[in-house]
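One structure is given below, encoded as C-alpha cells.
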2 protein chains.
Amino acid sequence: MFSQACKYGIRATLYLSIHTNEEKKAGVKEIADALSAPQPFLAKILQLLSKNNIISSVKGPNGGFYLNAANNDLPIISIINCIDGKDVFNSCVMGLAVCSSENPCPLHIQAFAYRSGLLYQLKYQSVREMAQRVQKENLKI
Amino acid sequence: MFSQACKYGIRATLYLSIHTNEEKKAGVKEIADALSAPQPFLAKILQLLSKNNIISSVKGPNGGFYLNAANNDLPIISIINCIDGKDVFNSCVMGLAVCSSENPCPLHIQAFAYRSGLLYQLKYQSVREMAQRVQKENLKI
DNA sequence: TTTTTAAAAGACTAAATTATCTTTTTTAAA
DNA sequence: TTTAAAAAAGATAATTTAGTCTTTTAAAAA
C-alpha cells in the first residue's frame, strides 16, 4: 500500500514528535539507528519532508531535524501525500482506469470500506496525537 | 496493494470465467485486448497461473486459455497467493518487522479491521461467484 | 575568522518490477 | 506427414523504486 520511503517517513516523523522539539534536535544517524533504516535513504526522505514543511531542520553544529508546534499539528496523511502522492487512496485495487461508485470494479465496495476507515485515521489524527498514543500505549515505531 | 501482475491476473481470470469453458478457449491476444493489458506480460502471468492450476490451457490450433469447473471453484485469493505471495495481507502497513495484536504498530487495529473485510471477500468468494456478480451487476473488469 | 558539524543537493548504483522478444514445444488440422 | 497455431520457456530490455556516495551550503562554536 505505502512505499518503503513513505513507511520510513511516517515512522521518522513519529520519532521526531516523541524525541525532539525546537531545543532538542535529532540527526539522521540517530533516527536511522532508532528505526533500523538505511541512513542515506532516510536522509533523502527527511529532506523531502523538510522541504515541504512537514518536519523542520537546521544545519550546522547542534543542528538536526525536529518538529515544531505547527508540524505536530499536521495530520498523518500529509506525510503520505508528500511522499507517495494523493492517489494512494483513490486508485482502483484492480487497476481499472475508471472505477467509482457509478462504475465499480468487483472489489470496489469492500476496498472502499477498507481504505476509508484507514483514511479517516490518517486524516483526522495529528502527528502529535498519534505520537502520544504511541507513548501511552507503548506502541512500536 | 496488489502488483500490476496480480491485477492483470485477477481480471484475466474473471474474463476467462465469463467467456470460456472446456469447448471455447481464449488466446492471449483476445484477453490482452479485452483488458487493455500488454500482451507478452499478460502471457507470462497466464503461464504462471496455468502452471499452478489456477487456470487451464491447451497448446496448438484452437488452443488457448480457459477455466474448467475446478478452476471456477477456486477462491479469488488463490490468484493473489499465486502471483503476489501470501504476505500481502499479513505485512505491516508501516513496514515494521514485528507487528501483531500483541505488538501493534500505530495503525495496526485500523489496518487489520479493514483488511480482514477485504480478505473475507477474497477468501470466501469463488472465481465463478465473482464472475457471475460481474455479469449480473454489469461490473467492469 | 576559521573550523567543525550537520543538512541539502545532486549524481550515481542496485534491485525489483514491468514489459518485450525469440525460440521451443505441443497439438490439431490440412 | 507436414504445416500452422498457440502456449511454454528463456533471455533481454526498460522503468521504477530503493539505496549509496560525493560535494555544497549553512550555521554555530572555537
Side-chain angles (χ1 to χ4, degrees), chain A residues 1-12 16 20 22-33 35-68 71 80 82-85 87-88 91 95, chain B residues 1-12 16 20 22-33 35-68 71 80 82-85 87-88 91 95:
Chain A
M1 164 154 297
F2 303 137
S3 70
Q4 193 57 49
C6 190
K7 292 172 186 171
Y8 287 144
I10 298 171
R11 294 170 63 207
L16 291 175
T20 73
E22 318 253 354
E23 282 78 47
K24 187 163 168 288
K25 307 177 183 72
V28 190
K29 187 171 178 357
E30 173 187 339
I31 309 168
D33 285 352
L35 306 182
S36 302
Q39 187 188 307
F41 187 43
L42 184 64
K44 281 281 155 198
I45 299 162
L46 293 171
Q47 282 164 31
L48 178 65
L49 290 173
S50 177
K51 196 157 60 181
N52 286 276
N53 302 308
I54 311 286
I55 68 177
S56 304
S57 69
V58 292
K59 296 180 177 181
N62 303 321
F65 296 94
Y66 66 100
L67 296 199
N68 59 28
N71 298 147
I80 296 161
C82 178
I83 299 176
D84 278 354
D87 283 351
V88 197
S91 59
Chain B
M1 164 154 297
F2 303 137
S3 71
Q4 192 57 50
C6 189
K7 293 172 185 171
Y8 288 144
I10 298 171
R11 294 170 62 207
L16 292 175
T20 73
E22 318 253 355
E23 280 81 46
K24 187 164 168 288
K25 305 175 183 75
V28 190
K29 187 171 176 356
E30 172 187 339
I31 309 168
D33 285 352
L35 307 182
S36 302
Q39 187 187 307
F41 187 43
L42 185 64
K44 282 283 154 196
I45 299 161
L46 292 171
Q47 280 164 31
L48 178 65
L49 290 173
S50 177
K51 196 156 58 179
N52 287 276
N53 302 308
I54 311 285
I55 68 177
S56 304
S57 69
V58 292
K59 296 180 178 182
N62 303 321
F65 296 95
Y66 67 99
L67 297 199
N68 59 28
N71 299 146
I80 296 162
C82 178
I83 300 175
D84 277 355
D87 283 350
V88 197
S91 58

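Note that the coordinates shown come from a computational prediction; the quantities given were computed from them, not determined experimentally. Here is the naming used below: chain letters follow the sequence lines, and residue numbers restart at 1 for every chain. All values below come from the heavy atoms of this structure, side chains included, with hydrogens, waters and symmetry mates left out.
The distance between atom CD of A:Glu22 and atom P of D:dA28, rounded to the nearest whole Å, is 14 Å. Between the P atom of D:dA6 and the CG atom of B:Leu16 lies a distance of 15 Å, rounded to the nearest Å. Rounded to whole Å, atom P of C:dG10 lies 8 Å from atom NZ of A:Lys51. Taking atom OH of residue B:Tyr8 and atom P of nucleotide C:dT18, one finds them 9 Å apart after rounding to whole Å. Atom CD of A:Gln39 is separated from atom C1' of C:dA6 by 11 Å (rounded to the nearest Å). Between the NZ atom of A:Lys44 and the C1' atom of C:dG10 there is a distance of 6 Å, given to the nearest Å. One atom, CG of A:Leu42, and another, P of D:dT17, lie 19 Å apart when rounded to the nearest Å. Here the C1' atom of nucleotide C:dA19 and the NZ atom of B:Lys7 are 16 Å apart, to the nearest Å.
Looking at heavy-atom distances under 4.0 Å, A:Ala32 makes no contact with the nucleic acid at all. Within 4.0 Å of B:Pro38, counting heavy atoms only, lie sugar-phosphate atoms of the nucleic acid but no base atom. Across all strands shown, B:Lys25 has no heavy atoms under 4.0 Å from either base or sugar-phosphate atoms.
You'll find the side chain of A:Ile54 stays beyond 4.5 Å of the side chain of A:Leu48, heavy atoms only. Proximity of B:Val88 to B:Phe2: side-chain heavy atoms (C-beta onward) are separated by under 4.5 Å at one or more points.
The backbone N or O of B:Glu30 lies less than 3.5 Å from no partner atom in the side chain of B:Asp33, so there is not a single donor-acceptor pair. Between the side chain of A:Ser50 and the backbone N or O of A:Leu46, no donor-acceptor pair lies under 3.5 Å.
Out of D:dA18, C:dT20, D:dA8, the shortest distance to the side chain of A:Phe41 is found at D:dA18. When distances run from any side-chain atom of A:Ala5 to the nucleotides C:dT27, D:dA18, D:dA27, the shortest one goes to D:dA18.
Ranked by how close their nearest DNA chain C nucleotide is to the 5' end, B:Lys59 and B:Asp84 are led by B:Asp84.
Note that B:Lys25 lies in the cation-pi zone of B:Tyr66, set by a 6.0 Å cut-off to the ring centre and a 45° limit from the axis.
Taking a pair to require two hydrogen-bonding distances under 3.5 Å in either a Watson-Crick or a G-U wobble arrangement, D:dA30 pairs with C:dT1. In this structure, D:dT24 forms a base pair with C:dA7, meeting either the Watson-Crick or the G-U wobble geometry with both donor-acceptor distances under 3.5 Å.
Residue B:Ser50 places at least one side-chain N or O closer than 4.0 Å to OP1 or OP2 of D:dA8. The phosphate of C:dA29 has OP1 or OP2 within less than 4.0 Å of a side-chain N or O from B:Asn62.
No hydrogens or angles were tested; on distance alone, a donor-acceptor pair under 3.5 Å links the side chain of A:Gln47 to the base of C:dA8.
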